[in-house]
S.K.: 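Here you go, one structure.
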Amino acid sequence: MMNKNSFELYVHIPFCKQKCYYCDFLSAPADGEQIAAYREALLREIRYVSAQIRQAENGQFGTVQSVFIGGGTPSYIPEADIAAILAEIRRQFMVEPDAEISMECNPGTLTPQKAACYREAGINRISLGLQSTDNACLARIGRIHTWETFLESYAICRETGFDNINIDLMSALPGQTLAEYLIGLQQAADLKPEHISAYSLIVEPGTALEAMLANGQAAPLPTEETEREMYEQTGAVLRQQGYHRYEISNYCRPGKECRHNCGYWNRTPYLGFGLGASSFWKETRWQNESRLQAYLTEAGNRDIRRNPEQLSEKDRMAEFMFLGLRMTAGVSAGEFLAQFGVPMEQVYGLVIRKYRDCGLLKEDGDRLCLTEAGINVSNYIFSDFLLE
Ligand code: SF4
């Protein structure tokens, strides 16, 4: 159970060796000078935000239960920079002794020296971006690595002693068949990672892939029916391999849920550092400056928060429902009552009955959760929890 005074930290590293064709994250290639300038800005920002909060909270602001270094490709920058960032975090915040400290790595950017440095710095969970085990498919989406490179990176992590590894996989990729996808899923599961995230590709506007599909340069996407099959069979295959689904797209061995992501779904407060990073603090959500040059100049020197949004009571109730229902454990009626002082049934009785009666929601004691069928249409259900 989460400590009430705990919060989370996210650190964004917006650099990658090369842009994948489908990517719409804040990430781009960079030279050594830019990376060094970014590290300095990040360190300044960590100090600045910690001082601001310490002042606002009279020096009492709880402890850090998890840190997630994401990107981009954090393993692309010098390992000493990662160690320096974590050291600064430990100087400025109280990181709990058993905090989950995750970092995203991409195959092709990891070495034994880097992995050893990450462990030394306290990182205890590695998330590896595989996406597909099929080399032709990886090339079609602009990944920099092959399946073999991935295997080398995975071995490096294990040999360095990492015992909590996530593998990211994607389905519905251009030219991907159901059979190819299932082979890849099996190959990934055979490695026995503690955690697998399996997402369907979404072709985002403005990406290279969108243009390639429009002008016929990319292999066609699987049909909707194939995509649904991929999605449904993912659960079945991974269940057979001893993984349990704890969130719409996330599977793990017992006890290996990603605590950081569970924090997002449980509405645990978090502070985001880095370009475009988002934060959720005191029921306010905001995003950092997302233009690199402005970030480099302003971070740590002035307020770089953009579009802060103070959530209303209705926003908070809606978030409680649609974020909590992402997890297979669902939401607790008791917690709803404790947080909002009104029974869940009184606010959402009609919606709950509607979806329970058609088998998309179910109750289990105090908890309300999506059924298997409900998970497949979750976005549609979630929109009904928004309050006017
Ligand atoms: S590695 Fe990830 S962040 Fe970097 S370009 Fe590819 S998808 Fe985007």
Side-chain angles (χ1 to χ4, degrees), residues 10-32 34-35 38 42 68-79 81-82 85 102-111 114-115 118 125-154 156-157 165-176 184 188 195-213 218 221 249-250 258 260-261 272-278 287-288 290-292 295:
Y10 173 78
V11 180
H12 190 68
I13 306 294
F15 305 121
C16 288
K17 198 164 170 183
Q18 164 188 307
K19 192 91 175 156
C20 303
Y21 301 151
Y22 59 88
C23 178
D24 79 330
F25 298 126
L26 266 178
S27 71
D31 59 29
Q34 280 174 312
I35 293 173
Y38 188 79
L42 205 43
F68 195 102
I69 306 176
T73 304
S75 52
Y76 177 57
I77 71 170
E79 59 272 32
D81 291 356
I82 299 290
I85 291 162
S102 302
M103 183 169 129
E104 288 183 332
C105 298
N106 271 312
T109 59
L110 196 60
T111 62
K114 282 186 172 180
Y118 301 154
R125 183 175 183 274
I126 294 283
S127 179
L128 280 169
L130 168 59
Q131 319 312 352
S132 169
T133 63
D134 182 292
N135 289 341
C137 185
L138 288 168
R140 285 199 294 271
I141 55 173
R143 298 288 296 177
I144 58 167
H145 59 90
T146 59
W147 166 228
E148 291 73 24
T149 328
F150 171 86
L151 288 174
E152 282 165 26
S153 298
Y154 188 86
I156 288 173
C157 292
I165 300 181
N166 167 60
I167 294 181
D168 279 340
L169 280 176
M170 291 175 84
S171 58
L173 295 172
Q176 190 178 43
H195 191 287
I196 294 181
S197 296
Y199 289 94
S200 289
L201 170 74
I202 295 173
V203 181
E204 299 289 355
T207 55
L209 182 61
E210 184 197 43
M212 290 162 74
L213 284 163
L221 298 173
S249 307
N250 285 284
C258 174
H260 187 84
N261 285 344
F273 299 116
L275 188 71
S278 52
Q287 271 205 307
N288 275 357
S290 60
R291 295 165 303 166
L292 182 59
Y295 176 83

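Since we're looking at a predicted model, the values are computed, not measured. Start at 1 with the first residue, then count along the sequence. For ligands, and for the atoms within them, numbers begin at 1 and follow the listed sequence.
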S.K.: With a 4.0 Å heavy-atom cut-off (strictly under), which part of C20 contacts ligand 1: side chain, backbone, both or neither?
M.R.: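 Answer for C20: both.
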S.K.: Any atoms of ligand 1 less than 4.0 Å from a non-hydrogen atom of F25? List them with their elements.
M.R.: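 Within the 4.0 Å cut-off of F25, ligand 1 contributes 3 (S), 8 (Fe).
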S.K.: Of all the atoms in ligand 1, which lie at a distance below 4.0 Å from a heavy atom belonging to C16?
M.R.: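 Within the 4.0 Å cut-off of C16, ligand 1 contributes 1 (S), 3 (S), 4 (Fe), 5 (S).
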S.K.: What is the nearest protein non-hydrogen atom to atom 1 (S) of ligand 1, stated with its residue, atom name and distance?
M.R.: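 For atom 1 (S) of ligand 1, the nearest protein heavy atom comes out as N106 ND2, 3.1 Å.
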S.K.: At less than 4.0 angstrom from any non-hydrogen atom of Q18, what atoms of ligand 1 do you find?
M.R.: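 Heavy-atom distances to Q18 below 4.0 Å select 5 (S).
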S.K.: Kindly say whether G184 contributes a backbone atom to a donor-acceptor pair with the side chain of D134 at under 3.5 angstrom?
M.R.: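 Such a contact is absent between D134 side chain and G184 backbone.
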S.K.: Return the minimal non-hydrogen interatomic distance between N106 and G72, and the atom names on each side.
M.R.: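 For N106 and G72, the tightest heavy-atom pair comes out as ND2-O, 4.3 Å.
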S.K.: Provide the number and element of each atom of ligand 1 under 4.0 Å from a heavy atom of Y22.
M.R.: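 With Y22 as reference, the close atoms of ligand 1 come out as 7 (S).
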S.K.: Can you tell me how far CG of L130 sits from CG of L138, rounded to the nearest 0.5 angstrom?
M.R.: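 If we round to the nearest 0.5 Å, L138:CG and L130:CG are 6.5 Å apart.
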S.K.: Using a strict 4.0 Å cut-off to heavy atoms of T73, name the atoms of ligand 1 that fall inside it.
M.R.: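 Every atom of ligand 1 under 4.0 Å from some heavy atom of T73: 1 (S), 4 (Fe).
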S.K.: Taking C-beta and beyond as the side chain, do Y295 and L42 meet within less than 4.5 Å on heavy atoms?
M.R.: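 Yes, close enough: below the 4.5 Å cut-off.
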S.K.: Before you tell me yes or no, could you show the steps for L173 and S132 under side-chain contact (heavy atoms from CB on, under 4.5 Å), namely the whole-Å CA-CA distance, both residues' side-chain angles and the distance that decides it to 0.1 Å?
M.R.: CA-CA 9 Å; L173 295 172; S132 169; 4.2 Å; yes
S.K.: Where on R143 is there a heavy atom closer than 4.0 Å to ligand 1, on the side chain, on the backbone, on both, or on neither?
M.R.: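 For R143, the contact with ligand 1 is made by the side chain alone.
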S.K.: Side chain of Q18, backbone of I144: donor and acceptor closer than 3.5 Å?
M.R.: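 Flag not set: sc Q18 to bb I144 has no pair under 3.5 Å.
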S.K.: Answer yes or no as to whether an N/O/S atom of C23 is found below 2.8 Å from atom 4 (Fe) of ligand 1.
M.R.: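 Under 2.8 Å: C23 has no N, O or S contact with atom 4 (Fe) of ligand 1.
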S.K.: Between Y22 and R143, is any side-chain donor less than 3.5 angstrom from a side-chain acceptor?
M.R.: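 Yes - a donor-acceptor pair under 3.5 Å links their side chains.
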S.K.: What residue and heavy atom of the protein are closest to atom 3 (S) of ligand 1, and at what distance?
M.R.: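 Answer for atom 3 (S) of ligand 1: G72 N, 3.3 Å.
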